[in-house]
Number of protein chains: 2
Amino acid sequence: MQALGTKRSRQREKIFQVLARTTSHPTAEWLYERVREQIPRISLGTVYRNLHILKDQGKIRELDFGEGLRRYDATIEQHYHFVCERCGRVRDLDITPLEDLHPRVQPHVPGTIRAHKLDFYGICTDCLVRE
Amino acid sequence: MQALGTKRSRQREKIFQVLARTTSHPTAEWLYERVREQIPRISLGTVYRNLHILKDQGKIRELDFGEGLRRYDATIEQHYHFVCERCGRVRDLDITPLEDLHPRVQPHVPGTIRAHKLDFYGICTDCLVRE
DNA sequence: ATACATGCAAATCATTTGCGCAGTC
DNA sequence: GACTGCGCAAATGATTTGCATGTAT
């Protein structure tokens, strides 16, 4: 018995490629539509299955901004996001992660900190201009 | 036509009371079970409807830790969380919110920052002891 | 009396899964 | 050939909604 995702598949490679080439933070549905343009018979279930495999392999990251659905990201390095509360668009922020955060917070936490997640919310310039 | 949530209701008051009296960050289902002990005929739909009303009134807060379901919190002041990746328990952290964060980050953001969300992930002491 | 709120059940939305066949190693 | 991956459709889980009836003001 082999581990999951040890064989290559056209579907998985294409899904990763599409994800890696966008700067948006797409949902499974969005990826499905894009990949479908090249592999018309692919199913949504396959997209979900492969997103899990890629995530387990550490090649992609799963995001959640409390919208009730998940988004995916091929940028796996730690980085922060800015979520526009008007249009919903999510942008990566070009800021170096706060190094000193864990040591500073650790004493106040009943456990061992492994990671943190930091998101900013507000209105993006595009939306501000539009009014 | 009146606004939503302008009339009092036994159900809504009880839901808020139960939520306000717990330090856990319960799901709608959990609240439903608790409230049901006192209002047996209440429906899950009513719980959801009232959680939305309370949220719109600013009396409670909706949380999301990427588990695929929502949690609720009667503590509306800005505060951070520590999520145990083993048992899933969410604890409030007693740390003053980072004041300097917005001004420091604002220059790097294509929009206006209104708020930020900061969560820590790791293993809680309870789980660490258990091994 | 009016219009918001409820209980119930059906609907919706995102995601997961069982199954038999296809593709990769 | 063995075992992973696929497409399809049905199942699941959380949340939402339509409707007739109940209830607060």
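Naming: A, B, ... by sequence-line order, numbering from 1 per chain.
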Quiz item: Should the ring pair B:Phe120 and A:His116 be called parallel, tilted or perpendicular, given that the plane angle runs from 0 to 90° and is split at 30 and 60?
Solution: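 Correct class here is tilted.
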
From the list [options], which nucleotide is the closest neighbour of the side chain of [X]?
{"X": "B:Thr46", "options": "C:dG7, C:dT16, D:dG7", "value": "C:dG7"}
{"X": "A:Arg12", "options": "D:dT15, C:dA5, D:dG5", "value": "D:dG5"}
{"X": "B:Arg41", "options": "C:dC8, D:dC8, C:dC25", "value": "C:dC8"}
{"X": "B:Ser9", "options": "C:dT24, C:dG18, C:dA5", "value": "C:dA5"}
{"X": "A:Gln11", "options": "D:dG7, C:dG7, D:dT15", "value": "D:dG7"}

Quiz item: With a 4.5 Å limit on heavy-atom distance, are the side chains of A:Arg86 and A:Arg130 in contact?
Solution: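 The answer is no, as the side chains (C-beta and beyond) never meet within the 4.5 Å cut-off.
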
Quiz item: B:Val35 versus B:Thr46: any side-chain heavy-atom pair under 4.5 Å?
Solution: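 No, their side chains stay 4.5 Å or more apart.
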
Quiz item: Does A:Glu37 pair with A:Arg34 as a salt bridge, N-O distance under 4.0 Å?
Solution: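 Looking at A:Arg34 together with A:Glu37, the answer is yes, because their closest N to O distance falls below 4.0 Å.
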
Between [atom2] of [N] and [atom1] of [X], the distance in whole Å:
{"X": "A:Lys55", "N": "C:dT16", "atom1": "NZ", "atom2": "C1'", "result": "13 Å"}
{"X": "B:Leu4", "N": "C:dT6", "atom1": "CG", "atom2": "C1'", "result": "12 Å"}
{"X": "A:Ile39", "N": "D:dC6", "atom1": "CD1", "atom2": "C1'", "result": "11 Å"}
{"X": "A:Ile53", "N": "C:dT24", "atom1": "CD1", "atom2": "P", "result": "15 Å"}
{"X": "B:Leu51", "N": "D:dA14", "atom1": "CG", "atom2": "C1'", "result": "13 Å"}
{"X": "A:Tyr32", "N": "D:dC6", "atom1": "OH", "atom2": "C1'", "result": "13 Å"}
{"X": "B:His52", "N": "D:dT15", "atom1": "NE2", "atom2": "P", "result": "8 Å"}
{"X": "B:Glu13", "N": "C:dA5", "atom1": "CD", "atom2": "C1'", "result": "13 Å"}

Quiz item: With a 4.0 Å cut-off on heavy atoms, is B:Glu29 in touch with a base, just the backbone sugar-phosphate, or nothing at all?
Solution: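 The residue B:Glu29 makes no contact with any strand.
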
Exercise. Could you tell me whether A:Thr6 contacts a base, only the sugar-phosphate backbone, or nothing, with contacts defined as non-hydrogen atoms closer than 4.0 Å?
Key: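 The answer is sugar-phosphate, as A:Thr6 gets under 4.0 Å only of primed atoms, P, OP1 or OP2.
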
Ignoring backbone atoms, test whether [X] places a side-chain nitrogen or oxygen under 4.0 Å from the OP1 or OP2 oxygen of [N].
{"X": "A:Tyr48", "N": "C:dT16", "value": "no"}
{"X": "A:Arg49", "N": "C:dT16", "value": "no"}
{"X": "A:Arg10", "N": "C:dT24", "value": "no"}

Quiz prompt | Donor-acceptor pair between A:His81 and A:Asp92 side chains, under 3.5 angstrom | solution =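 Checked: A:His81/A:Asp92 side chains pair up, N/O donor to acceptor below 3.5 Å.
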
Quiz item: On DNA chain D, nearest-nucleotide positions of B:Lys7 versus B:Arg71: which is more 5'?
Solution: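 With B:Lys7 and B:Arg71 compared, the 5'-side residue is B:Arg71.
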
